[in-house]
Asks: 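Sharing a structure here in structure tokens format.
Quick note on labels: first sequence line is chain A, next is B, and so on, each numbered from 1.
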Number of protein chains: 2
Amino acid sequence: MNKKIPGIYNSLQEIAWHFGNHGVNGECCGDLSLVEFMALKKAYENIDFSIQEIGCALNFTKSGASRIIDRLMNKGYVTRERSPIDGRICCVPLTAKGTEVVTSIMERYTAYLDEVLKDLDPPTIEKIKDGLDILLKEVRRHESPFIEN
Amino acid sequence: MNKKIPGIYNSLQEIAWHFGNHGVNGECCGDLSLVEFMALKKAYENIDFSIQEIGCALNFTKSGASRIIDRLMNKGYVTRERSPIDGRICCVPLTAKGTEVVTSIMERYTAYLDEVLKDLDPPTIEKIKDGLDILLKEVRRHESPFIEN
DNA sequence: CGTAATGGTTGACAACAGCAACCAATATTG
DNA sequence: CAATATTGGTTGCTGTTGTCAACCATTACG
């Protein structure tokens, strides 16, 4: 094992915690929990995703996913649309309000990140980006098993 | 704003999600939730932390922290010890079993990370580590406000 | 002293996600 | 084509979890 790995693990866990449920969050997502925001973001990025595909992408069971979509619907951010091709499938298009909310949250996050990194010079920021991208690429290659229920 | 920031935000959020509650987790912490593991780790790393300090470090209210410690106690991983100096304060020393568990989980995480990164050459791994460390340092300088209740 | 402040605990509550059973729609098979 | 299997989604029920507010005990302060 490369001797840098434990250090990477420690930093990574702290960063993941910070950007996860209990870190930045609290007010950063407005009236959305992190989970709801992530689901909304998936629906935003993949206009043709079904409810299960959203759940799958976030490691939820289909019932969990259905409930998250319930909440997003109650808040007026998405609607349910049965697919005309396959009547079992529900797509989840965003409302105008939903699009507005998801983009504004993303902007807030990036603004926060910009604030955090504002004292670094461009090559250093480049280095952070490269490191994260490589890491992410390797992580994706080792996808965790999907949940099916 | 540096134009790399949005990309960093996206990668970071995906990575944080992956290493957070709904990603790797599930079985990776044995009989501990991620929250419980993080609390146990804090107690392990800071032998003199009070219950509130652990909660504070993880962004929990004091009652939330107390309940997490409850669960760790019920599982036999920590004990509550009133401080002899200030009788209000509870320290949370780990039991032998608790120490064994926390180290074994950390080992499992590092082993997983090693597996994920095994195809990268040392300079690339170095680059990831440097990027994360710089990022973490900046994040720490912008600590989120503490929760007090 | 008596009052305030601090650390911790607990009862009540609401949010949340899983399971299993269910319905509706599509696929498959004989 | 009819009968059955499979798939996507929903829902009743449940157990876990974390917050709030009220509380107790201990320490600090006037």
Asks: If you assign each of A/E36 and A/D86 to its closest nucleotide in DNA chain C, which residue comes earlier from the 5' end?
Replies: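 The 5'-side residue here is A/E36.
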Asks: Starting at CG of B/L72 and ending at P of C/dT9, how long is that distance when rounded to a whole Å?
Replies: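 Taking atom P of C/dT9 as the reference, CG of B/L72 is at 13 Å.
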Asks: Quick one: closest heavy-atom pair of A/H142 and B/Y112, and the distance?
Replies: O-OH, 4.3 Å
Asks: For B/Q52 and C/dG8, is the shortest distance between a side-chain N/O and OP1 or OP2 below 4.0 Å?
Replies: yes
Asks: OP1 or OP2 of C/dT9 less than 4.0 angstrom from a side-chain nitrogen or oxygen of B/R80, does that happen here?
Replies: yes
Asks: Whole angstrom is fine here: how far is it from CZ in B/R82 over to P in C/dG8?
Replies: 7 Å
Asks: Rounded to whole Å, how long is the line connecting atom CZ of B/R88 with atom C1' of C/dA4?
Replies: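 Result: 11 Å.
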Asks: Considering every strand and a 4.0 Å limit on heavy-atom distances, what is the contact class for A/G64: base, sugar-phosphate, or nothing?
Replies: sugar-phosphate
Asks: When the distance from CD1 of A/I89 to P of C/dA24 is rounded to whole Å, what number comes out?
Replies: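 Nearest whole value for this atom pair: 18 Å.
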Asks: Using whole Å, report how far CD1 of B/I69 lies from P of C/dG7.
Replies: 16 Å
Asks: What residues form a salt bridge (charged side-chain N to carboxylate O under 4.0 Å, His left out) with A/K137, not counting sequence neighbours?
Replies: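 For A/K137 there are no salt bridge (charged side-chain N to carboxylate O under 4.0 Å, His left out) partners, ignoring immediate neighbours.
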Asks: Any donor-acceptor pair under 3.5 Å linking the side chain of A/T110 with the backbone of A/M106?
Replies: yes
Asks: Give me the atom names and distance for the closest heavy-atom approach of B/T99 to B/Y44.
Replies: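 Minimum heavy-atom contact is CG2-CE1, 3.8 Å.
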Asks: Nearest whole angstrom, please: distance from the P of D/dT17 to the CG of B/N74.
Replies: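 After rounding, the gap between these two atoms is 11 Å.
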Asks: Looking only at side-chain atoms of A/F60, point me to the closest of C/dT26, C/dC16, C/dA17.
Replies: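 In terms of side-chain proximity for A/F60, the closest of C/dT26, C/dC16, C/dA17 is C/dA17.
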Asks: Between A/R67 and B/V35, just flag the one whose closest nucleotide in DNA chain D comes earlier from the 5' side.
Replies: A/R67
Asks: Atom CZ of B/R71 to atom P of D/dT17: distance rounded to whole Å?
Replies: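 Taking CZ of B/R71 and P of D/dT17, I get 5 Å after rounding.
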Asks: Does the side chain of B/S63 get closer than 4.0 angstrom to OP1 or OP2 of D/dG18 through an N or O atom?
Replies: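 No, because none of the side-chain N or O atoms of B/S63 sits under 4.0 Å from OP1 or OP2 of D/dG18.
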Asks: Partners of A/K97 by side chain to side chain donor-acceptor pair (under 3.5 Å), sequence neighbours excluded?
Replies: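 With sequence neighbours excluded, A/K97 shows a side chain to side chain donor-acceptor pair (under 3.5 Å) to no residue whatsoever.
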Asks: From the options C/dG8, D/dT26, C/dA17, select the nucleotide whose nearest atom is closest to the side chain of B/K62.
Replies: C/dG8
Asks: C/dA17 phosphate, OP1 or OP2: any side-chain N/O from A/T61 under 4.0 angstrom?
Replies: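 Negative; the distance criterion is not met.
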Asks: Rounded to whole Å, how long is the line connecting atom CD1 of A/I51 with atom P of D/dG9?
Replies: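 Distance, rounded to whole Å: 5 Å.
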